[in-house]
Structure formats: structure tokens, C-alpha cells
2 protein chains.
Amino acid sequence: MDKVLRILHMLQKIPQAPGKITIAQMLEHLSANGYNIARRTVERDMTGLSTVFPITDDETRPAGWYYTGDVGRWIFPALNATEALTLKLVQQYLTDLMPASVLNNLAPFFSQAHQEIAAMDDNTLQQWPNKIASVPASQPLLVPIIKTDVQMAVSQALLENKQLRLLYQSREQTEPAERIVHPLAMVSRGGLIYLIAAASAELDSIRLRLMHRIHVAEKLEAPSIRPEGFDLARFIDDGFLGFGQGRQLVLKVLFLKETAAHLYDTPLSTNQTIEEYDQNRVLVTATLADTQQLTWWLLGFGDKVEVIEPLALRQKFADIAARMSQNYQPVIPTDKPVSQTS
Amino acid sequence: MDKVLRILHMLQKIPQAPGKITIAQMLEHLSANGYNIARRTVERDMTGLSTVFPITDDETRPAGWYYTGDVGRWIFPALNATEALTLKLVQQYLTDLMPASVLNNLAPFFSQAHQEIAAMDDNTLQQWPNKIASVPASQPLLVPIIKTDVQMAVSQALLENKQLRLLYQSREQTEPAERIVHPLAMVSRGGLIYLIAAASAELDSIRLRLMHRIHVAEKLEAPSIRPEGFDLARFIDDGFLGFGQGRQLVLKVLFLKETAAHLYDTPLSTNQTIEEYDQNRVLVTATLADTQQLTWWLLGFGDKVEVIEPLALRQKFADIAARMSQNYQPVIPTDKPVSQTS
DNA sequence: CAATTCGCGACATGAATTGTCGTCGGTATA
DNA sequence: TATACCGACGACAATTCATGTCGCGAATTG
């Protein structure tokens, strides 16, 4: 039994492909956990494990051991029904919303769930896709593909505070350009993942870069410098991502009754109230942040909502509505100027 | 080494709290995997494991063994930087979009990631929240709370094809009502999770129920009946969820240039094209499904877009725009009829 | 080139694992 | 209710298997 425990410790300590662990390190780790063991034993255990698990040592001296490729993480206990279902649900949910390469990292977890369900006796497996689904709540857009090696390099550099050499293809330019940057943070928003980084030349200029536009990323050895006082939350709130936090406002909006139905289940804020207004409409009141999403969200309802307060917002909507109806003045576009540039 | 493998097999086979496994079953499982082992050995191993892992047997005869609670029971190899980061990202991403009780099931995975990062030498841990964030792409709504036990009972019934007794609080009624239902599927959409089920009385009437509106759920022993030919995908496409798939259409829309910027990164469809139209605008063409989300999404841009084709959609937008500007006619709402019902 | 360090085969010791058997207490069956 | 049955568990002996030690050769480091 003692050996089993020790082996488990070892299995946990062995890293994946980019990393490696030497016998000496492992020995240290074990003795730190109270295993007084001979070096030879560790060696034997490692070679033993490598015959059974996808574990190899590079042929250097001292040897470094690591998991090769995809670790079938089959070492953990059975998931229960809820967990398996949840994982499936989340997987479907994320598939439309996250770059594939990001999800690939989670693949082992998901496949575990899959196997779990597959193992359940009867024909549960076949019925599977018929039992669970995820419907996108907003217009599904195609998510870009992020290169796996880019993702890896950036993640590592970010965690280890190292500089990065990037080949970045900006939208404006035709050719990718090389840049040395100090990575600061990674932010995901609706299928896109942004790398926030400072240029090595001028540390003050913090820029956003889209992960999928990075052609090549190489982690450098030079440590990265974080501008003093850089605060990610504030950075986002300040609207650098185009979606600032804005200040709180008290919103009063008229909704068609059926349109407001879902607000009973997913309220806008904790203090949201919904009152009868007239035959067809209800008045929704809530305190929330004045963001661009809010405008976007409210606009989405078209003529089914009417903003009452704050007045500034009402004015904004009135303007938009006016311009919109203007846009559609010739409802049937009489002339079709599909020419290039006016 | 042989024993280690065997124990690993055993650890995997032990289920969690609601489930259990007997020595006999375990023995069978092992011998099915090529371990010719004495029953006594299995017994000894189990008691051995129970001293080291959160494993107990209920005191019945034959004894059933199971994992107690959700202790850190995940024994798998070290996550690499990318995986750890990804998990964190996904966690943040999901927090705003999924009911907490659903996410709780994933907690072990996430905490593993957390520990992984915490274990990295220096002060990586403290810098953590400063390095990763997820910005909601649309208006964040408060997601309802689903009871854990309800979630469990429903999941199990769904997987095992059993009937369910529900205490369901519909929006219309003040008192929750008891129902016996045959669960068919679970569908998540934007923070809400729906249970699709047929009433036991009339199997043809398939209804949607919101998971968080279920007060009590009890899995019954009686097997559930799936209406013949029930097809979840078709069910959704047919619009029962309010978001039907609709048929394909060729969309032509004018966008303000800066508004269309993100379409370069997250296109609407694989065949999307973006052409210069005039000084300020581009013409976006794409083939996609005519869904309500599409309308919603396009409306969200307000006067920044103009639908050109199909004409029916243009007409629809023209109408909406007209009514909207009508709504805001008295831009400053002169009289404020905050009375109850007209 | 010398001094370590590392990997690994060999081997003896002993600890730990395993199968068998028998008893006891509870459970199912007639 | 009696009887047969089954599962759990202690005891014990056999032996496998795991462990520490030693030493050699190769590789690495200074």
C-alpha cells in the first residue's frame, strides 16, 4: 500500500511534454513528503512506470522524465451522472464560443465524461446526443483558430513572466511583423482571446493583440517587466477593450410583456423590479453599469422596448431610432450602388 | 508494479456518493481486466484504500463502497501551463453564464488548476487575477440558482431513463405543483437550463421546464418512455425553444467600417465577404440561418447597420425602425403615466 | 584530465502481498 | 422459524516482490 501511494505521488509530479523532471528532483520531492527511499528505487519505479504509462525519458544525462503527448488521464475515479452530464453540457456550450485550440486542452476531461457515459450499461450512449444540447444565446459567429504552439508559448511566458517574440499579423498590414513584447494578461471576450502586452521598446505603450493573429510565438529567457501599477481590472474598466465598465445608472425601460418574460428568470440586477404599466407593457427598473453591451442589448429588442430613463439614454435611443428609420427610407432600395468607393 | 496498476483500476471504478460498488462487482471488473486475484485480496485492498482515500463502505451486506464527499480526489498528472491557464479562463468565462450549481460539479477540475498554479514557485499566485480575465460579450444577466439535489436527480433520471416526480413552480401560478414526468433532454441556453419532458398523463405533450423553477425532484423507479421519433435537434430547430433554426438565407448588410471590424476575426459564415461600399461603409455578404438571434444581433447595432437583402428582412427592419422612432416621438416623455394598468 | 555524477545490473535480505482456510454474523429461502 | 447461504474478516504460511547496497562503466563537469 505504501508503494501505491508513493507511485501516485510520482505520477502527479511528472510534467507534460515541454517540462521534465529528473530522478534527483523526484527523490527530493518524495523525501519532502516523508518517503525515505533509496535513489535506486526511484529509478526502478520510473522505468517501471514508463512501461505502463506514456512516460519517457529524454536521453540526456541526468535524464528528464515527462508524459509524452496526450495523457489519457485515466487515473481518476468515476464521475457521477451529474458531473458527466455537466461536462457534456459545458463542452457543447463552449464549442461555439471558444477557440478550438483552447478547448483541446480540456479534451481529456471531456473524453473522460464521454467514456463514463459510454460505460453505462445499455444503449445510453446512442441516445446521448438526443438528451443534451446547448443553444447559443446570441448570434453564433465563427471563432478563429489559435495555433496550439502559440497558445502554449504565450501561456508559459505569461505564467513565468518571460518576454515573448511574436510574429504578428495586424489587420492593417499585409505582412506579419516581428515584435518583442512583455506579456501582461490574457483576456477572452466572445470567442476572441486578446493578449495584453507592452512593447519592449516603449514599456508604457500597452497594446492588445489577438491571439489568432499571432503566427509565431517564442518564449524568451529574458524576464518580462510589468509596468508598475498595472491593474487588469482597471484596465478593462477603463474601456481599453472597447467595453468599459461605465458608472452605475438607474435604468427604466418599458418592455412588451412577453419580451420581458425572461427577465423574471434572469434579472438584470438584484434590485430589479417589474411593474405592470399598461395593457401590453411592463416597466422594468434596475440599477446597473452603463456599458456598451447594455445599449447593444436593449437595441436588440427593437421596437419592443422603450427606454424611459435616464434621459440621456432615451435621447440616445431616440437618435438611433431616427437615423435607423431614415436609413430605411426607401424601403425597397431603388438604386443599388454596388460600385466600389463613391 | 502489478499491484499499483490494479489499485488504479480500482480507484477508477469506485463511484461517488449516490452510487456504490460491491466487492463482487469489483472482483468481476478486475478479472475482466485480466487480474486473476483472490477475493480476499480485493477486500484487503479496499479497506486499505479506505484508510488513505475518502472511501467508505456502507454497513450493509454485501458492503457497498463509494467515495465520500468531494474531497480532492483527483489523482492526475501535473497540468501544464496552458492547461492551467485554459481552465482558469474557462472558469471565469463560465461563471457569468452558467448556474453556480452546474459549475460546482466542475470545481474539482478548476481547483486542480488553481493548485497547479499555486505550486509554481514565486509569487505567481498573487499575480494571478491580474493576468487573466473574461469580459462578457453581451449584457450579463444574473443567472438563477439551481438546487444541487434537483440537478442530481434530474441528471440521473435522464441518464437512466427513469421517471421524475417534480415540484414545479411555474411562472403563472403562485403555488408549486406536483408533476410526474418522463425526462427527455436537458438544454442550456444563456444561463438557463431547460428540462424537456413529457407529462406522464399525456405522453404527447412535451413541455419545457426551467431547472431552477423545480423545487424538488425525485427520481422514480418506473422507467421513462420516450415518444417515438423524438429528435432533440429537430425539436430545437422547430423552434420550441423560441429560437428556431429557420432556413438559410443570403444576407447583405451595410456596416459602418469600424463596426464591421470584428467580422474580420469572427466571420458570420465561412463564405462571408466584405467589400468596400462607400466612404464609411462596407457591404457584408454571408449565407446563414434565418434565426431570431440574427435579427436580435443586427438590431443591436442600431443605426450602424442597414440590411439590404433579403428584402423581407429589410422590410422587417424598416418596420421596426419606424415603430421605434415613433416610440420615441416625444423624446422627453412629457407625461409619465406610471399608473397601474390603463 | 580528474572528479563527480548518473544509470543500471547484480544480489541478498526482508517486508509486504497473496491465496487458502475457517469462523462468525447476518441475510435470503423454503 | 429453521436452514442454507453468503459475505466479511482474522490467521497463517508461502513466496513473490520490492528494497537497499554495492560496483562498474559511461557521461558530464570543472
Side-chain angles (χ1 to χ4, degrees), chain A residues 1-15 17-68 75 77-78 221, chain B residues 1-15 17-68 75 221:
Chain A
M1 208 78 247
D2 205 33
K3 174 170 190 183
V4 176
L5 269 274
R6 206 179 57 226
I7 296 284
L8 283 168
H9 266 112
M10 292 175 68
L11 281 174
Q12 286 184 70
K13 201 59 186 178
I14 300 172
K20 57 180 180 177
I21 188 171
T22 66
I23 299 287
Q25 290 170 318
M26 181 63 83
L27 184 63
E28 191 180 9
H29 171 240
L30 287 177
S31 70
N33 281 68
Y35 293 99
N36 291 331
I37 217 79
R39 176 196 193 81
R40 186 73 188 91
T41 304
V42 181
E43 292 173 356
R44 267 192 294 250
D45 285 345
M46 291 304 291
T47 43
L49 284 176
S50 69
T51 64
V52 184
F53 292 96
I55 293 174
T56 345
D57 68 317
D58 52 3
E59 308 268 305
T60 64
R61 240 112 258 243
W65 296 79
Y66 57 93
Y67 282 94
T68 65
I75 321 175
E221 281 314 307
Chain B
M1 208 79 248
D2 205 33
K3 173 171 188 181
V4 176
L5 269 274
R6 206 181 56 228
I7 296 283
L8 255 43
H9 267 112
M10 292 175 67
L11 281 175
Q12 281 182 84
K13 201 61 186 177
I14 301 172
K20 57 180 180 177
I21 189 171
T22 66
I23 300 286
Q25 290 170 317
M26 181 63 84
L27 184 63
E28 190 181 11
H29 171 240
L30 287 177
S31 71
N33 280 70
Y35 293 99
N36 290 331
I37 216 79
R39 177 198 190 81
R40 186 74 187 91
T41 304
V42 180
E43 291 174 356
R44 267 192 293 250
D45 285 345
M46 291 304 291
T47 43
L49 284 176
S50 69
T51 64
V52 184
F53 292 97
I55 293 174
T56 345
D57 68 319
D58 53 3
E59 308 268 307
T60 64
R61 237 111 265 237
W65 296 79
Y66 58 94
Y67 281 92
T68 66
I75 312 154
E221 281 315 308

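Computed from a prediction, not measured in an experiment: that's the story for all the values here.
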Q: Check the distance between D:dT21's P and A:Ile37's CD1 and give it to me in whole angstrom.
A: 11 Å
Q: Could you walk me through whether B:His29 and B:Ile21 pass the side chain to side chain contact (heavy atoms under 4.5 Å, CB included) check?
A: CA-CA 10 Å; B:His29 171 240; B:Ile21 189 171; 5.5 Å; no
Q: Between the base of D:dG10 and the side chain of B:Arg40, is one N or O donor paired with an acceptor at under 3.5 angstrom?
A: yes
Q: Under 4.0 Å, counting only non-hydrogen atoms across every strand here, what does B:Asp57 touch: a base, just sugar-phosphate, or nothing?
A: nothing
Q: Whether the side chain of B:Tyr66 engages the backbone of B:Asp58 through a donor-acceptor N/O pair (distance < 3.5 Å, no angle test) should be reported.
A: no
Q: Mind grabbing the angle between the end helix axes of the helix from C:dC1-D:dG30 to C:dA30-D:dT1? Five pairs an end, 10° rounding.
A: 50°
Q: Under a 4.5 Å cut-off applied to non-hydrogen side-chain atoms, are B:Thr60 and B:Lys20 in contact?
A: yes
Q: For residues A:Tyr67 and A:Leu11, report the shortest heavy-atom separation together with the two atoms involved.
A: OH-O, 3.0 Å
Q: Going by number, which of residues 41-48 of chain B have a non-hydrogen atom under 4.0 Å from DNA chain D?
A: B:Glu43, B:Arg44
Q: Testing the basics here: between A:Ile55 and A:Trp65, what is the closest heavy-atom pair and its distance to 0.1 Å?
A: CG2-CE3, 3.8 Å
Q: From the 5' end of DNA chain C to its 3' end, which nucleotides mark the outer limits of contact with chain A, defined by a 4.0 Å heavy-atom distance cut-off (strictly under)?
A: C:dC6 to C:dT17
Q: Going by salt bridge (Lys or Arg N to Asp or Glu O under 4.0 Å), name the pairs with one or both residues in residues 23-35 of chain A, residues two or more places apart or in two chains.
A: none
Q: Let's go through A:Met26 and A:Asp45 carefully: what are the C-alpha distance in whole Å and the side-chain angles of both, what is the deciding distance for side chain to side chain contact (heavy atoms under 4.5 Å, CB included) to 0.1 Å, and is it a yes or a no?
A: CA-CA 11 Å; A:Met26 181 63 83; A:Asp45 285 345; over 6 Å; no
Q: For A:Leu30 and D:dT19, give me the distance from atom CG to atom P, rounded to whole Å.
A: 11 Å
Q: Send over the distance from B:Gln25 CD to D:dA8 P, rounded to a whole Å.
A: 11 Å
Q: Atom CH2 of B:Trp65 and atom C1' of D:dG7: how far apart are they, to the nearest Å?
A: 12 Å
Q: Report the C-alpha distance between B:Leu30 and B:Lys13 in whole Å, list the side-chain angles of each, state the deciding distance to 0.1 Å, and finish with yes or no for side chain to side chain contact (heavy atoms under 4.5 Å, CB included).
A: CA-CA 10 Å; B:Leu30 287 177; B:Lys13 201 61 186 177; over 6 Å; no
Q: Using side chain to side chain contact (heavy atoms under 4.5 Å, CB included), reason through B:Glu59 and B:Asp57 one step at a time and then give a plain yes or no.
A: CA-CA 6 Å; B:Glu59 308 268 307; B:Asp57 68 319; 4.1 Å; yes
Q: Rounded to the nearest 0.5 Å, how far apart are CD1 of A:Ile7 and CG of B:Leu5?
A: 9.5 Å
Q: Are A:Phe53 and B:Leu8 close enough that some pair of their side-chain heavy atoms sits under 4.5 Å apart?
A: yes
Q: Output the rounded distance in Å from CZ (B:Arg39) to P (D:dC5).
A: 17 Å
Q: Of the non-hydrogen atoms in B:Thr47 and B:Arg44, which two are nearest, and what is the gap between them?
A: OG1-O, 2.8 Å
Q: What does nucleotides 23-29 of chain D look like as a protein-contact string, B for base, S for sugar-phosphate only, - for none, at under 4.0 angstrom between heavy atoms?
A: ----SS-
Q: Nearest heavy atom decides the nucleotide; on that basis, is A:Ala63 or A:Asp2 closer to the 5' end of DNA chain C?
A: A:Ala63
Q: What residues, two or more places apart in sequence or in another chain, satisfy side chain to side chain contact (heavy atoms under 4.5 Å, CB included) together with B:Leu27?
A: B:Ile37, B:Arg39, B:Val42
Q: Starting at the 5' end of DNA chain D, which residue's closest nucleotide do you reach first, A:Ala38 or B:Ala24?
A: B:Ala24
Q: Quick check on D:dT19: is either OP1 or OP2 less than 4.0 Å from any side-chain nitrogen or oxygen of A:Arg6?
A: yes
Q: How long is the straight-line distance from CE of B:Met46 back to OG1 of B:Thr56, given to the nearest 0.5 Å?
A: 9.5 Å
